[in-house]
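Okay, structure first, notes after.
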Number of protein chains: 2
Amino acid sequence: MSLRHALLALLTAKPMNGYDLAKVFDRSVAYVWHAPHSQIYPELRRMEADHLVAVESIRRGTKGTKRIYSITETGRGELRRWIETPAPIDMLHDAERLRGAYLEFGSYDAARRYYTAHRDHYELWERQWAVHADQIAAGDTTLIRTRLAAPRTGDPATVVAYKVHTYRGLAAQAHLEVEWAKQGLAMIDDLETQAQARAAEGALTE
Amino acid sequence: MSLRHALLALLTAKPMNGYDLAKVFDRSVAYVWHAPHSQIYPELRRMEADHLVAVESIRRGTKGTKRIYSITETGRGELRRWIETPAPIDMLHDAERLRGAYLEFGSYDAARRYYTAHRDHYELWERQWAVHADQIAAGDTTLIRTRLAAPRTGDPATVVAYKVHTYRGLAAQAHLEVEWAKQGLAMIDDLETQAQARAAEGALTE
DNA sequence: ACAGCCATGTAAGTCGTTACATGATTGC
DNA sequence: GCAATCATGTAACGACTTACATGGCTGT
């Protein structure tokens, strides 16, 4: 139900149609939860059926309609419930780490490619998360400004602080990932030279 | 396809039936990738259909049969391909972090519950990952011993090193999560007292 | 007129979750 | 005889992915 709550959270800033929601999503929530528009549209329909959002349809040309969603009281209640109710942390499904634990099935070069890609990936995300945290801290995105200006938003310092702490936390995690990958690369060099040394010794003994 | 590769990796140690595989899974791969037996049995059937594993059926009572799976050459090829081929890192779906970014929809106490649960969760996992890494480093699990004794296992030091580095990495990540949660708890105290101070000031001014 | 963005979807397939279901063997 | 554990599944549902599909509006 994460997508649902993410969309509700965005709609507390202001009413939006699916397209705008998808765009705003990509520049905010997507830093923790990715979703393509093909998932957003049907989810909004389901949320409408569950009365979490209300829709205003606007004609567009002869056939098309633009659907503007706004959060309902039921929707706000669901957001509150979502945070107030303790939620078990999901079971682990770390495909990346799984590959990392079984690199022995490939060559040393494949292992190097793995760690290099890992390092590059998290170097990128470290920057992105850090920038995003700074932007929120500075009130420097349209979304956060709209959100803080919206009625019934609680203490602005609190709203900002939770997000900043989350994204700085992610940046710190990413930093550790980068360090881990670099150590991995050094480790592979050691493993390979040691394996070669043993192979050479074995050849002499034979 | 992670489950598939995890099962193949386990079968390089020795042939096993679904039940044993599920048990061994829980004490090894499950530290990075969770799967219940209800997923393992059908997956093994599919892997058989794809010739990644071969089966020996053994009668058991009048009706039951025990199915012992072993990895085929095709299966070993698939493991190699899995590691040799660069794989894109999955899109982010971090439900826990999403909740963390939107704690403002609940009370300060709900936020405290969130961070407390987060801290406890990762304290547990930090210990588990660290212990698991140590056990592998010491060759102290049945699986790793069987694996190292199995034919066609490569350099034992390499096999062990990849896993130890992975699990120590996870332990380090978990440690950071714990620190992050503790900082979160301190942050909430600050936010709440500051919000109360502002509320009191507002009351005076009115 | 054409490109680029606005706008909304559907469809097929894969993977994972939770709950249900059944029977055999072993040790006490 | 009974409990624990061995052993193997099915079913319904929910969530996510990738690809396909269609048409409107806007500026040059």
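First the proteins, then the strands, lettered A, B, ... as listed; each starts at 1. Please read all numbers here as calculations on a predicted model, not as lab measurements.
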Would you classify B:T65 as touching base, sugar-phosphate or nothing, given that sugar-phosphate means primed atoms plus P, OP1 and OP2, and contacts are heavy atoms under 4.0 Å? sugar-phosphate

Go nucleotide by nucleotide along DNA chain D from the 5' end; which of A:P36 and B:I68 gets its closest nucleotide reached first? B:I68

Examine the side chains of B:Y69 and B:R67 and answer whether a donor and an acceptor come within less than 3.5 Å of each other. yes

Would you kindly give the CE-to-C1' distance between B:M16 and D:dT8, to the nearest whole Å? 17 Å

Atom CG of A:L21 to atom P of C:dA7: distance rounded to whole Å? 12 Å

Under 4.0 angstrom between B:H34 side-chain N/O and C:dT17 OP1 or OP2: yes

Per the atom types in the model, does the base of C:dT18 pair as donor or acceptor with the side chain of B:S38 at under 3.5 Å? yes

Could you state the CZ-C1' distance from B:R67 to D:dG9, rounded to the nearest angstrom? 11 Å

Quick check: A:W180 with A:Y115 (ring centres under 6.0 Å apart)? yes

Phosphate OP1/OP2 of C:dT25 contacted by B:K66 side-chain N/O (<4.0 Å): no

Apply salt bridge (Lys or Arg N to Asp or Glu O under 4.0 Å) to residues B:E177 and B:R97 and explain how you reach the verdict. CA-CA 11 Å; B:E177 293 285 355; B:R97 220 59 93 156; 2.6 Å; yes

Would you please say whether a donor-acceptor pair under 3.5 Å links the side chains of B:T12 and B:R76? no

Using atom OH of A:Y41 as one end and atom C1' of C:dC6 as the other, report the distance to the nearest whole Å. 8 Å

Closest nucleotide of DNA chain D for A:W33 versus for A:H37: which of these residues is on the 5' side? A:W33

Side-chain N,O (B:R59) to OP1/OP2 (C:dA24) below 4.0 Å: no

Looking at every strand, decide which applies to A:G18 at a 4.0 Å heavy-atom threshold: base, sugar-phosphate, or nothing. sugar-phosphate

What integer distance in Å separates B:E43:CD from D:dG9:P? 13 Å

Minimum-distance nucleotide (side-chain atoms of A:M1 versus D:dA15, C:dC6, C:dG9): D:dA15

Below 4.0 Å: OP1/OP2 of C:dT17 and any side-chain N or O of B:Q39: yes

Would you tell me if any nitrogen or oxygen in the side chain of B:Y19 comes within less than 4.0 Å of OP1 or OP2 on D:dT8? no

Using only heavy-atom distances, determine whether the side chains of A:E56 and A:S70 contain a donor-acceptor pair under 3.5 Å. no

A:R60 (side chain) and D:dC25 (base): donor-acceptor pair under 3.5 Å: no

What integer distance in Å separates A:M91:CE from D:dA15:C1'? 17 Å

Take the protein atom NZ of A:K23 and the nucleotide atom P of C:dT8, then report the distance between them rounded to whole Å. 11 Å

Does B:K163 make a cation-pi contact with A:Y102, if we ask for NZ or CZ under 6.0 Å from the ring centre and within 45° of the axis? yes

What is the distance, rounded to the nearest whole Å, between atom CD1 of B:I40 and atom C1' of D:dA7? 13 Å

Using only heavy-atom distances, decide whether a donor-acceptor pair under 3.5 angstrom links the side-chain of A:H93 to the base of C:dG16. no

